[in-house]
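One structure is given below, encoded as structure tokens.
Whatever order the structure lists them in is the order used to number ligands and atoms, beginning at 1.
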Amino acid sequence: MSESTVRIGLVLPDVMGTYGDSGNALVLQQRLRMRGHDAEIVEIGLSDPVPDSLDLYTLGGAEDSAQRLATRHLQRYPGLQRAAERGAPVLAICAAIQVLGHWYETSSGERVDGVGLLDATTSPQQVRSIGEVVTTPITDALSLPLTGFENHRGGTTLGPDARGLGRVTRGVGNGVGDGLEGAVQGSVIGTYLHGPVLARNPELADHLLARALQVDSLPPLDLPEVELLRRERLRA
Ligand code: GLN
């Protein structure tokens, strides 16, 4: 590893990796390597403290019980919170939005204090939301529709300090009737989209990478297979 190696934190894949979301870290690493950067995935498990020195971080979805273990760990070792404060990009999928919010209620009605990086709260909805989602990004930094697969019972309400990531054109999203999907606050981007989302939305991957490298944009990659996958998912 050299000093210029980009270090991608894969946070708690042992408990927050049930839906293949660890693939997001692989996509980031691969897109960096294709552009000539050294890139390393640093796995942070439940037996490790969370370092604050990495270049970007990803967290995946989880069931309620695993989500609770992850919440406790992130509160005990607040490296992710320190990294986000200095502007390191953080990608939080599904349960991770809930964990990074102020609090969430599990399906059994227990209220758990979250990490407080997102101005968001989550309560269980009557019906579980499962299926394909398509959204139109709200941020000017993204121009292409976002696609993914949702599977959650929690519905997330955003407070004034957080914005949605996209407006739902298909599927449910945050599930509280405001038509929003995901949450963006500072350097943290949360989304309910599994997929993994970065394999299905390379523009979002490059947005995170550009922020991590502190550049305005990255040279495009010509990857016909990725485009084919996108077209298939958008058509489905
Ligand atoms: N346990 C959470 C819910 O059902 C998150 C699920 C997930 O990460 N897919 O809302």
TODO: Not counting sequence neighbours, list each pair that qualifies as a ring pair (Phe, Tyr, Trp, His ring centres under 6.0 Å) and has a residue in residues 138-178.
DONE: His152-Tyr192
Open item on the list: With a sphere of 6.0 Å drawn around CZ of Arg86, does it hold more than 12 non-hydrogen atoms of other residues, nucleotides or ligands?
Closed with: yes
Open item on the list: By the side-chain hydrogen bond (donor to acceptor under 3.5 Å, both in side chains) test, which pairs, at least two apart or in different chains, include something from residues 221-236?
Closed with: Asn201-Arg230
Tabulate distances under 3.5 Å between N/O atoms of ligand 1 and N/O atoms of the protein, writing both atom names on each line.
| residue | atom | partner | partner atom | Å |
| --- | --- | --- | --- | --- |
| ligand 1 | 1 (N) | Ala62 | O | 3.2 |
| ligand 1 | 1 (N) | Asp64 | OD1 | 2.7 |
| ligand 1 | 1 (N) | Gln67 | OE1 | 3.0 |
| ligand 1 | 4 (O) | Arg128 | NH2 | 3.4 |
| ligand 1 | 4 (O) | Arg153 | N | 3.0 |
| ligand 1 | 8 (O) | Ala62 | N | 3.0 |
| ligand 1 | 8 (O) | Ala62 | O | 3.3 |
| ligand 1 | 8 (O) | Ala95 | N | 3.1 |
| ligand 1 | 9 (N) | Asn151 | O | 2.8 |
| ligand 1 | 9 (N) | His194 | NE2 | 3.2 |
| ligand 1 | 10 (O) | Gln98 | NE2 | 3.0 |
| ligand 1 | 10 (O) | Arg153 | N | 3.1 |
| ligand 1 | 10 (O) | Gly154 | N | 2.8 |

Open item on the list: List the residues meeting ring-ring contact (aromatic ring centres under 6.0 Å, His included) with His207, not counting sequence neighbours, and say none if there are none.
Closed with: none
Open item on the list: Taking Gly45's backbone N and O only, do any of them form a donor-acceptor pair with Asp48's side chain (distance below 3.5 Å, no angle check)?
Closed with: yes
Task: Glu110 atom CD: more than 12 heavy-atom contacts under 6.0 Å - done: yes
